[in-house]
A.B. asks: 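Before I ask anything, let me first share the structure, which is written out below as structure tokens.
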Amino acid sequence: MPRRHRLRAALVVLAVVVVLALVVTSLVSALVVRRPLPDVQGTQALAGLEAEVEVTRDARGVPTIVAETPYDLFLAQGYVSAQERFFQMDYRRHVSAGRLAELVGPDESAIEADRVIRTLGWRRVAEQEWDLLSPDTRDHLQAYADGVNAYLEDRDPGSIGMEYTVLGLRVPQQAPEAWDPIDSLAWLKAMAWDLRANYDRELSRAQTYRFVQDVARVEELFPPYPQDRNLPIVTSADVASEAFPAASTTELDLTDAGLQGALESAERALSAVPHLVGDGDGIGSNSWAVAGEHTASGKPILANDPHMGISAPGVWSQVGLRCAEVTDACPFDATGFSLAGLPGVVIGHNGSLAWGLTNMGADVTDFFLERVEDGEVLVDGQRAPLDVRTETIEVAGGDDVEIEVRTTRHGPLVSDVLDLPDVQRAPVPDDAPGLRFEVALSWTALTPGRTGDAIFALMTAQDAADVAAAAVLLEVPAQNIVFATTDGHIGYQAPGRVPLRGAVAGPVPSDGTWPRPGWDSRYDWQGWVDPADMPRLLDPVEGFVVAANQAVTPLGVGPFLAEDTDYGYRSQRVRDLLTARIAAGEALDVASTAELQTDAHSPYAQVLVPALLQVRVEDPFDRAGQQLLRDWDQSMDVDSAAAMYFAAVWADVLQLTFADDLPEGHAPTGDARWLEVVRGMLDDPTSPWWDDRSTPGVVEGRDDVLARALVSARRQLTAQISSRTEDWEWGQLHTAAPTHPVLGADGVPGMLHRLVNPVPQRVGGGSSLVAATSWDAATGSYGVTSAPSMRMVVDLGDLDSSTWVNLTGTSGHPASAHYADQLEAWAQGRQFPWPYSAAAVSADAVDRQALVPPRD
């Protein structure tokens with residue numbers, strides 16, 4: 001896939017660089033930057049409250065909110081969220097509604113994003129979900145919105161966020177419109193988009209076929225899950241899954257220029273969508289729960305660290321939400337990580353149960369190739385009308401843009417969203433003259449559902465049955481749930497709305513791994529997997545549960561969820577470490593669990609280093625790099641010279657091996673899929689993939705490529721860092737640099753750049769490691785592209801001894817002391833105490849705020 005661009009300063013910078021330089025003078029910055037900082041002490045009147053609400057904040061600004069009723073609780077959460085993160089909330093809602101150009105003005109990238117998101121219709125679906133939600137959930141969403149709006153009332157944009165002042169230098173900034181509960185639901189669609197499964201690989205297969213023209217060879221680049229080496233989450237189940245026919249392309253010419261043009265257009269259109277929680281192969285998570293028989297406290301320990309894109313502010317907001325008296329009428333007493341713009345706690349614990357989430361990797365998207373002409377689409381030899389609507393995109397400081405959205409029974413047509421004159425779009429072949437290929441996207445999130453209900457169901461869950469009930473509601477995104485309880489149970493539950501695909505012996509595989517012929521109804525989705533059939537575990541005999549994006553069940557067992565999952569190197573490393581510690585009789589505690597979260601052992605090195613050490617490197621200077629690998633412990637530590645060198649070698653191996661074989665934009669990213677590909681090739685030194693097709697008359701083999709990579713990496717690092725290998729450290733190149741989504745890119749005035757972007761941090765780890773600080777080998781950069789967006793460890797034997805850390809900080813205001821005050825600890829693998837009991841929270845409080853009803 002093409003490298004995804006994120007909307008950064010390109011949206012606003014070029015036209016206002018000179019003016020912005022004036023904005024960040026010391027005098028103006030005191031007014032502009034500090035003005036939005038909220039008052040977090042004393043007594044404040046809050047319209048709508050039924051009774052007084054207590055808000056305490058710890059030394060890192062993390063709030064705990066205590067209220068008498070659910071309405072007051074979520075009203076106060078909305079108010080506090082707006083105090084700290086409203087611009088982030090506002091940016092998110094503009095993106096999720098396809099209205100970004102209203103915020104940032106006539107920027108081409110913003111307008112393209114709006115065109116695509118309006119076509120997908122995220123907010124339209126969110127509006128349809130409102131009536132599906134329970135009355136209680138609707139009340140909670142409305143209370144949150146009321147709290148946000150109470151904060152916004154009578155405030156001008158510059159007093160809400162400094163970003164409005166900066167953006168106002170380019171386009172007029174009106175007072176932000178009132179928050180609507182639908183804004184919260186639409187944000188769930190944006191999150192689901194970033195966490196969807198295999199559509200990148202689905203398009204990549206089809207476009208790679210154009211170059212390779214052999215299904216079997218294409219599938220060599222997408223090897224099956226290695227279940228003999230990396231165990232799935234659930235190692236047994238009762239229901240056999242349906243087998244799918246083998247691939248064939250004899251009835252569908254994937255080399256056809258018109259078809260490939262449609263695929264390319266679809267790919268480029270979807271690449272225009274901004275990513276609010278992350279994108280790419282590094283998006284995933286670690287989670288595990290260990291039974292009390294293997295812990296120091298005698299009760300379970302649960303760990304979770306979701307891997308997402310890094311931004312400033314970060315994805316998560318920490319919060320405690322507590323009813324003053326927990327009753328059936330007010331059942332909430334939870335603490336954990338929330339999402340600004342959404343009420344409740346998404347990941348965390350209550351007084352009885354802790355839960356973590358990881359991406360399940362279920363295949364919930366399919367591309368359908370359609371044959372379209374003049375408002376009609378071909379279906380089983382007959383023409384049917386397209387559904388057509390018109391959308392108007394308002395552009396601040398510019399002219400409105402009107403678009404026509406066309407939809408088939410499979411979903412919106414995404415190949416015609418952007419005007420791409422450089423893409424060939426020829427008609428389809430003779431069997432359907434005049435028709436053109438277009439591409440429709442089927443995605444489970446475009447069917448209205450009840451995920452909003454799931455948030456509050458998890459917050460109040462007490463046991464495995466409650467988690468299973470919540471999982472039925474957690475339809476999109478499909479997230480593994482790992483849980484543990486204070487009465488000693490651990491478990492796993494697979495949720496999600498997953499399509500049923502019929503087994504079809506036809507022109508393409510019917511398992512969702514390749515685009516499907518939309519004109520043949522046999523390939524249509526047949527419904528959804530029954531929630532009762534979704535895999536689950538309770539108290540497994542091995543004494544732990546690990547869910548880290550690996551396959552959920554063994555091949556052929558349980559309902560078919562996906563072919564393309566993570567390859568399980570992280571999950572198996574966690575399993576191996578837990579197994580070893582249990583076998584050695586070492587009781588796990590919070591500290592040792594947090595240490596495990598930062599394990600940097602490299603499965604790449606384990607596979608590749610033995611082969612690299614067997615290759616002869618002639619020149620002593622070049623051999624100095626190879627020598628680093630001989631005594632290396634194969635850990636990607638921040639100060640390791642060998643780790644830096646190995647990363648460079650790995651990138652060069654991929655470039656030298658595959659650059660000549662793949663279409664533009666599909667270079668190897670270096671994630672675990674590519675490790676599995678190379679693993680399979682190491683025993684075949686004459687595999688055609690090793691040969692460089694750009695050198696006719698010369699046939700390269702495995703050892704040629706490995707030797708060239710060893711030499712090339714040595715010389716690259718010499719030029720980039722130093723000729724002395726002792727000067728190399730992995731963290732010099734591997735840095736985590738959270739950036740502001742609108743004002744954070746290179747090119748902004750230096751003072752503003754430093755204000756909105758925290759200081760980059762050197763980190764260890766890498767792609768597909770437990771310490772999952774991923775980087776993209778296709779870019780030529782080793783900078784972190786995704787990472788643990790937070791870490792938490794919960795001790796169910798003593799909840800007050802639990803620990804947590806966020807990527808950046810609690811506040812979204814760059815001038816706040818809490819904008820990035822957790823980043824350094826996060827980079828170093830440290831966590832902070834996480835008090836839960838009322839006494840512990842009170843003892844930890846630094847700021848105290850009383851929110852009270854207004855006087856008559």
A.B. asks: Decide if atom CG of D400 counts as having more than 12 heavy atoms of other residues, nucleotides or ligands within a radius under 6.0 Å.
C.D. replies: yes

A.B. asks: Verify the distance criterion only: is there a donor paired with an acceptor across the side chains of N480 and T358 at less than 3.5 Å?
C.D. replies: yes

A.B. asks: With F222, which residues qualify under ring pair (Phe, Tyr, Trp, His ring centres under 6.0 Å), at least two apart?
C.D. replies: none

A.B. asks: A side-chain contact here means heavy atoms from C-beta on lying under 4.5 Å apart; do L369 and W519 qualify?
C.D. replies: yes

A.B. asks: Verify the distance criterion only: is there a donor paired with an acceptor across the side chains of E475 and T451 at less than 3.5 Å?
C.D. replies: no

A.B. asks: Between the side chains of E404 and T390, does any donor sit under 3.5 Å from an acceptor?
C.D. replies: no

A.B. asks: Mind telling me whether Y91 and F87 have parallel, tilted or perpendicular rings, with 30° and 60° as the class edges?
C.D. replies: parallel

A.B. asks: Between the side chains of D366 and R501, is the shortest nitrogen-to-carboxylate-oxygen separation below 4.0 Å, so that they form an ion pair?
C.D. replies: yes

A.B. asks: Could you verify whether a donor N or O on one side chain and an acceptor N or O on the other, from T739 and N757, lie under 3.5 Å apart?
C.D. replies: no

A.B. asks: Assign the ring pair W443 / W193 to parallel, tilted or perpendicular, where the plane angle (0 to 90°) is split at 30° and 60°.
C.D. replies: perpendicular

A.B. asks: For E438 and S415, which I'm curious about, is there any donor-acceptor pair between the side chains at under 3.5 Å?
C.D. replies: yes

A.B. asks: Between V116 and V414, is there a side-chain heavy-atom distance shorter than 4.5 Å?
C.D. replies: no

A.B. asks: Step through it carefully: locate the ring centre of Y79, locate the ring centre of Y151, and say whether they are under 6.0 Å apart.
C.D. replies: yes

A.B. asks: Below 30° counts as parallel, above 60° as perpendicular, anything between as tilted: where do the rings of H410 and F368 land?
C.D. replies: parallel

A.B. asks: So, do D564 and R673 sit near enough that their side-chain heavy atoms are less than 4.5 Å apart?
C.D. replies: no

A.B. asks: Any salt bridge between R383 and E373, counting N to O under 4.0 Å?
C.D. replies: yes

A.B. asks: Answer yes or no: does atom CD of Q174 have more than 12 heavy-atom neighbours from other residues, nucleotides or ligands under 6.0 Å?
C.D. replies: no

A.B. asks: So, Q142 versus D146: side-chain donor-acceptor pair below 3.5 Å or not?
C.D. replies: yes

A.B. asks: Less than 4.5 Å apart, any side-chain heavy atom of V439 and any of E370?
C.D. replies: no

A.B. asks: Kindly indicate whether the side chain of P274, heavy atoms from C-beta on, has any atom under 4.5 Å from the side chain of R92.
C.D. replies: no

A.B. asks: Does either side chain, that of W775 or that of T785, offer a donor lying less than 3.5 Å from an acceptor on the other one?
C.D. replies: no

A.B. asks: Around atom CD of E376, are there more than 12 heavy atoms of other residues, nucleotides or ligands at under 6.0 Å?
C.D. replies: yes

A.B. asks: Check the side chains of H666 and S204 for a donor-acceptor pair under 3.5 angstrom, ignoring hydrogens and angles.
C.D. replies: yes

A.B. asks: Using ring centroids (six-membered ring only for Trp), state whether F456 and H140 fall under 6.0 Å.
C.D. replies: yes

A.B. asks: Strictly by modelled atom types, are S184 and W179 linked by a side-chain donor-acceptor pair under 3.5 Å?
C.D. replies: yes

A.B. asks: D90 and Y164: side-chain donor and acceptor closer than 3.5 Å?
C.D. replies: yes

A.B. asks: So, R210 and Q207: side-chain donor and acceptor under 3.5 Å apart, yes or no?
C.D. replies: no

